[in-house]
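So that the names make sense, note that chain A is the first sequence line, chain B the second, and so on, each numbered from 1.
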Number of protein chains: 2
Amino acid sequence: MSGRAVTIAEVARHAGVAVSTVSYVLSGKRTISADTRRRVLDSINALGYHPHAGARSLASKRSNVIALVLPLRAGMHVPVLMRFATAVVTAARRFDHDVLLLTADEGPEGIRRVAASALVDALVLMDVELHDPRVPLLRELAEPSVLIGFPAEPAGLTCVDLDFAAAGARCVAHLAERGHRQVALLGAPAVVYERGTGFARRTREGFTAALAVHGLEGVALPCEETFDEVHATVAGLLTSRPALSGLVVHNEAAVNHVLGSLRQLGRRVPQDVAVVAICPDDVAERAGPPLTSVLIPAEEVGREAVRLVMRKLQGLEVPDSTLLPPHLAVRAST
Amino acid sequence: MSGRAVTIAEVARHAGVAVSTVSYVLSGKRTISADTRRRVLDSINALGYHPHAGARSLASKRSNVIALVLPLRAGMHVPVLMRFATAVVTAARRFDHDVLLLTADEGPEGIRRVAASALVDALVLMDVELHDPRVPLLRELAEPSVLIGFPAEPAGLTCVDLDFAAAGARCVAHLAERGHRQVALLGAPAVVYERGTGFARRTREGFTAALAVHGLEGVALPCEETFDEVHATVAGLLTSRPALSGLVVHNEAAVNHVLGSLRQLGRRVPQDVAVVAICPDDVAERAGPPLTSVLIPAEEVGREAVRLVMRKLQGLEVPDSTLLPPHLAVRAST
DNA sequence: TGCGACTGTCGAAGCGCTTCGACGACCGGC
DNA sequence: GCCGGTCGTCGAAGCGCTTCGACAGTCGCA
């Protein structure tokens, strides 16, 4: 194997047809008789032909690669991002596309580079901030793009995300159903709110709005991620609000610390304090006790982002905004 | 911006030189006078020229892209993988290469596809198993590759990893220094050992060998990742070995559960039980108490893997095996 | 002064593919 | 039996780049 690569010309010779015929068999852009198609496909298999990606992209002006831009910043929950990433790769393959991985440290310039050099046909951006420096760049790019998350000014962009406001509200509703009257939200670290990251704020807004709807008392606090800080926050909260009996945790790294802290304070879950988390299912399942949770449907979001970007690539219309509904899984913690 | 893309011919015209001259300015493969170089570079900037990646790869037989193959399987610690991934991307950019992300679900065939289609020049594979189905394929590929991790039969391959045996030994040595006589290793879930994943076994071997060296008593156990299972394991261990006073935890997902379990059992860390973890620094720092740990130097490993694969691409010799030494950071848990 | 050895630049030939226009062969309708 | 229309296939013209050989100048040295 792997001497010089097989070219389309060799396939054509082997099958006794013209190069263009092979190309049309592969692309399906012109009708080819069943008989010829067979011969060509047989030759392709016999020779182990794989089209040269560069040649193809040069001739067709399509690279069949999409960029996945994933900044990695403080306070982000890496496992969730990884799930997005693999979901995007899997979905992209279904559309016969590959995925180029871009990180933040090259800055927006990296996006321009891969777009301008025709390395990629389209872009999917993750972890979008309210005032994201990449967003203005996207507007002037010819390549279509989809954002996972929402910037402050999403007009003219295509955005997908879990409906975090609904997720926050769903958690409150669940606690209300269970009869809790005083609840709290432990969210992302303060720095994430300050940066204006959309999902953190939207969860908080949904949470707060739902308190009014259900007539609950509640408070939303940022939450750091070391055990000691979490413990201090939880202890302070329970002291200042003795009647508090429901907790919503929207911080994957802190979830287990919260449970450890409650244990240490002698509060039983769910008898003394009920806990609902917004986090991936596996984290919720592994916790002690397993947590009632709203999962972040990473696979679904990633798949949807790819679907949308592919539609744009075909020139089809897509909605500006796609919000995926939250799903609550009830487990032992409420 | 972004009408039709600027081509090298337009740059050449703008600068008043031949197309080939522009190419040589960019590649540095022939001497060009300082004066001409200036004019060409100015034109490139003025026009915002970016070479067409496909054209370049077609003509030069180099795509300047490397594949990062990262299967995502049960029991793997996603955050660590993500660090590898970003380290690889960052390092690759320093060599003017981009990174194509491949996951497992296309199987080994995906590797063959991207190699045969000249989409990538080289491959970096992560999370290698002892009997990895991708390994035989690599041997017959023309493209150079580097593995992060070791298969059972690494002859003729290039492998990089943290020296997990040394890491396991280092933890034992540390506990011995602190005067502990009876210790235990809580490792990966059983399934990971059964699959023969190298790093899990090597840590255990290093641990076991070091017991003898330091004259300690000890046992190595697999460790599941739900709180309840961890708790059962820890409780069982402390019951069956009352004199046990040192714990090595090589399981990122279980680390916080172990601490929670000890808390619940009324054992203080480090007074009653000392704990050393093999995990990323941020997990160790956030734990309660912050953990003495051997970090998995993901950035370093990723960087080294890229450096090696680039050397191979240049036809240079590289060592078959690169083991990065462990670094122990002492914190509050020992 | 002449001659080889560089230097710096150019022109042209591909790289492997897609796509466009062309063109026989064959069809049905008159 | 002839004509317009498909259908299936072919040949050739690029796509934008790298690289090779060629070739004017220049320079140093005999």
Polar side chain donor-acceptor pair, B/S23 to B/S20, under 3.5 angstrom: no
Ion pair check, B/E300 and B/R303, cut-off under 4.0 Å: no
Inter-axis angle, terminal five-pair segments of the helix from C/dT1-D/dA30 to C/dC30-D/dG1 [nearest 10°]: 40°
Could I get a table of every N or O pair under 3.5 Å where one atom is in the protein and the other is in nucleotides 23-27 of chain C?
none

Pairwise side-chain contact, A/H97 with A/L313, heavy-atom cut-off 4.5 Å (strictly under): yes
Any donor-acceptor N/O pair, B/T90 side chain to B/T86 backbone, under 3.5 Å: yes
Closest non-hydrogen atom pair between A/G110 and A/L102, with its separation: O-CD2, 4.0 Å
Separation of atom CZ in B/R13 from atom P in C/dC10, rounded to whole Å: 14 Å
Contact under 4.0 Å: B/S23 side-chain N or O vs D/dT18 OP1/OP2: yes
Interatomic distance where NZ belongs to B/K29 and C1' belongs to C/dT9 [whole Å]: 18 Å
Presence of donor-acceptor pair under 3.5 Å, side chain of A/S20 and base of D/dG11: yes
Polar side-chain contact B/R30-C/dT7 base: donor and acceptor under 3.5 Å: no
Presence of donor-acceptor pair under 3.5 Å, side chain of B/Y24 and base of D/dC20: yes
Greater than 12 external heavy atoms within 6.0 Å of B/R139's CZ: yes
Given DNA chain C, 5'-ward residue of the pair A/V19 and B/G16, judged by closest heavy atom: B/G16
Under-4.0 Å side-chain N/O to phosphate OP1/OP2 contact, B/S33 with C/dG8: no
Closest-nucleotide 5' rank along DNA chain D - winner of B/A9 and A/R37: A/R37
Presence of B/S57 side-chain N/O under 4.0 Å of D/dC17 phosphate oxygens OP1/OP2: no
OP1 or OP2 of D/dC17 under 4.0 Å from side-chain N/O of B/Y49: yes
Atom-pair distance (CG on A/N64; P on C/dG16), nearest Å: 19 Å
Distance below 4.0 Å between A/T31 side-chain N/O and D/dC7 OP1 or OP2: no
Presence of A/R56 side-chain N/O under 4.0 Å of C/dG16 phosphate oxygens OP1/OP2: no
No-hydrogen, no-angle side-chain donor-acceptor test under 3.5 Å, A/S117 and B/H50: no
Length of the line joining A/K61:NZ and C/dT19:P, which is rounded to integer Å: 10 Å
Integer-rounded Å distance: D/dA13 P and A/L58 CG: 17 Å
B/R307 and B/E304 ion-paired at < 4.0 Å: yes
Residue A/S60, side-chain heavy atoms: nucleotide from C/dG14, D/dT9, C/dT18 that is nearest: C/dT18
For atom CG of A/L119 and atom C1' of D/dG16, their distance in whole Å: 14 Å
Length of the line joining B/D35:CG and C/dT7:P, which is rounded to integer Å: 18 Å
Which residue lies more 5' along DNA chain C, comparing B/A59 with B/I32 via nearest heavy atoms: B/I32
Side-chain donor or acceptor of A/D121 paired with backbone N/O of A/N64 under 3.5 Å: yes
Residue list, salt bridge (Lys or Arg N to Asp or Glu O under 4.0 Å) with B/R38, at least two apart or on another chain: B/D42
Residue A/T36, side-chain atoms from C-beta onward, closest of D/dG16, D/dC15, D/dT9: D/dT9
Whole-Å gap separating P (C/dC17) and NE2 (B/H52): 15 Å
B/V301 to B/L162 - nearest heavy-atom pair and separation: CG2-N, 4.1 Å
